[in-house]
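Below you'll find the structure, written out as structure tokens, and then a few comments.
Both counts, for ligands and for their atoms, begin at 1 and track the order of listing.
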Amino acid sequence: MCGIVAYLGKRKALPILLEGLKRLEYRGYDSAGLALANGKLSVWKSEGRIARLEERVGQQPILSTAGIAHTRWATHGAPTEENAHPHCDQSGKIAVVHNGIIENYQTLKVFLEKKGIQFSSDTDSEVLAQLIGHLYQGDLEDAVRAALKETKGTYGIAAISSEEPDRIVAACNGSPLVIGIGEGEYLIASDAGAIVQHTTQIVRLGDGEVAILDRESFRTTTLDAKPVEKEIDDVEYSLEEIELGGFEHYMAKEIFEQPKCLEDSLRGRMRLEDGKIVLGGLSQLSREIVRARRIILTGCGSAWHTCLVGEYLLEELARIPVEVEYASELRYRNPIIEEGAVVIAVSQSGETADTLAAVREVKEKGAMILGIVNSVGSAIPKETDAGVYLHVGPEIGVASTKAYTGQLLVFTLLALYLGRRKHLSESAFQAYLRALERIPDQIQTILELSDSIRIAAKEWVDRENWLFLGRGFNYPTALEGALKLKEISYIHAEGMPAAEMKHGPIALITKDMPVVFVATKNSQHAKIMSNIEEVRSRGGRVIAIATEGDDEIRARADHVFYVPDTLEPLQPLLAVVPLQLLAYHAALLRGCNVDKPRNLAKSVTVE
Ligand code: G6P
């Protein structure tokens, strides 16, 4: 997500910080800022990319040798100059850059406001700066520790005080930070890639640890000030390797980071301690949404597939009638929007032209519009009445993977949130929460199938026509599996409800036709087993996604990829992962550029 870089040494900090930010820009790029200590703190911020920040400060003859900097990918608050980091406390003596999400920021904000502190941004991060400032009594190290003890959530932070210009304090919990040890200088970065050109000697800060950097030395402690001995690593990566986190492609990185991204997305929203779902972005309108008479879901590409799952989820769990529309059709169809209609627009980028136009069309007709979007501050959230962000971080690979599961997760949370207010019993709701909590770990186990999926893919990648079939909750997964395969490997693939096969596509089945069945154990399992038989009896070859322990299917398929069991409405979150891996390996085996497939664009801003 966001990026941090900081410097304390003998050289001018400004060019080192700007260059470090540029190297981190791939993590987030909607706004940026930096603070330099030079007698007082000088802070610059700007909306947009680092080049704009550079234009703003680049010409200043600043001699400061200590500073902190940040490039933002917004989670709380739009990507504006006010919301950009660093955030300062009210006195302007302390500046903080923060990666992560402070879950209890609202409670802390109310506490600080009661003490007379005025906030100047909408971010969770400013709360940290204000809290550190409030607790500051001349020792930054103590104030940071005291503030973090009150904080719930994830953070990687760097803090500086104008009263202690020879010191930077950093801390980390669930959001990585490394300390770079140079010759007579120290650096901090959220990603070693920002600083490897200055030093390859790196200390990785652990969760719950604080680093205190002075000009001559540095030390690490726990939040309780107990000293921690750290090992120094020698990193020798190319920059690209570091940005890709050791993966060959962004698509692979994004597939493999899904457990962590979904945990991030769940954080603070699914509260097991008091058995609640909290969707802050919808709280103002929750009564109207619960009373919705009809919901229309719209999007394009993979987002349209998540809308199909959304339809099943919202009807099953919240018992609200749902329609799904391609945004490109909805925008021109003169749709009927009656009293009580709620439209939900789904988009990773928040910029897709057809989805944006559909939003504007239904807005004209008076619908309430909600957004499920990944990119904070993009065009669609600006036009909607309320919404839920995915919080899965920037997606760079053109084929959607973590944004897809992120959208499914938000739909699941929304359906449960509405369901509990309508028909869902407390015990059923709690069972869903417990199952949802396990999803990130269950995806982790599915990722271990990667090698066996690659081996199986080798056998099939020269076949030019594939079918993907599923029923019920697995039907949209079949569509998404086919889309993933065709968009990055250029194999022709069709997805459809399994029962539809007999109305035409069955004519295509031969021994050269791989048919992928999404056949997890659920209410339609017996039906899909019959469909498998229909394919086999015509010589078709079967690849199955099945639930662990389903031995019956092993005897009927050429390859089976097992996923852990979960409640039926949550199965799309798991069953899609082997299909993402299948498409990825097939594309690589066919020598395709998986991150930038031909003719496609990540963000389609034309009709
Ligand atoms: C493009 C991308 C797809 C994406 C679709 C919708 O076609 O290649 O991966 O699903 O746009 O994009 P959005 O940003 O609105 O989710």
**Asked** NZ of K458: more than 12 outside heavy atoms within 6.0 angstrom?
**Response** no
**Prompt:** If you measure only the distance, is there a donor-acceptor pair under 3.5 Å linking the side chains of N522 and Q571?
**Reply:** yes
**Asked** So, H585 and S489: side-chain donor and acceptor under 3.5 Å apart, yes or no?
**Response** no
Numbering the atoms of ligand 1 from 1, which are under 4.0 Å from a heavy atom of [X]?
X	answer
S347	13 (P), 14 (O), 15 (O), 16 (O)
V398	8 (O), 9 (O)
Q348	13 (P), 14 (O), 15 (O), 16 (O)
S349	13 (P), 14 (O), 15 (O)

**Item:** Any side-chain heavy-atom pair of R541 and W460 under 4.5 Å
**Value:** yes
Check: [X] N/O within less than 3.5 Å of ligand 1 N/O:
X	answer
T352	yes
Q407	no
S302	yes

**Prompt:** Is the closest heavy-atom distance from G299 to ligand 1 below 4.0 Å?
**Reply:** no
Using a strict cut-off of less than 4.0 Å between a Lys/Arg side-chain nitrogen and an Asp/Glu carboxylate oxygen, indicate whether [X] and [Y] qualify as a salt bridge.
X	Y	value
E257	K253	yes
D354	R331	yes
R590	E464	yes

**Request:** Report the part of N374 (side chain from C-beta onward, or backbone N, CA, C, O) that has a heavy atom under 4.0 Å from ligand 1; answer both or neither where that applies.
**Result:** neither
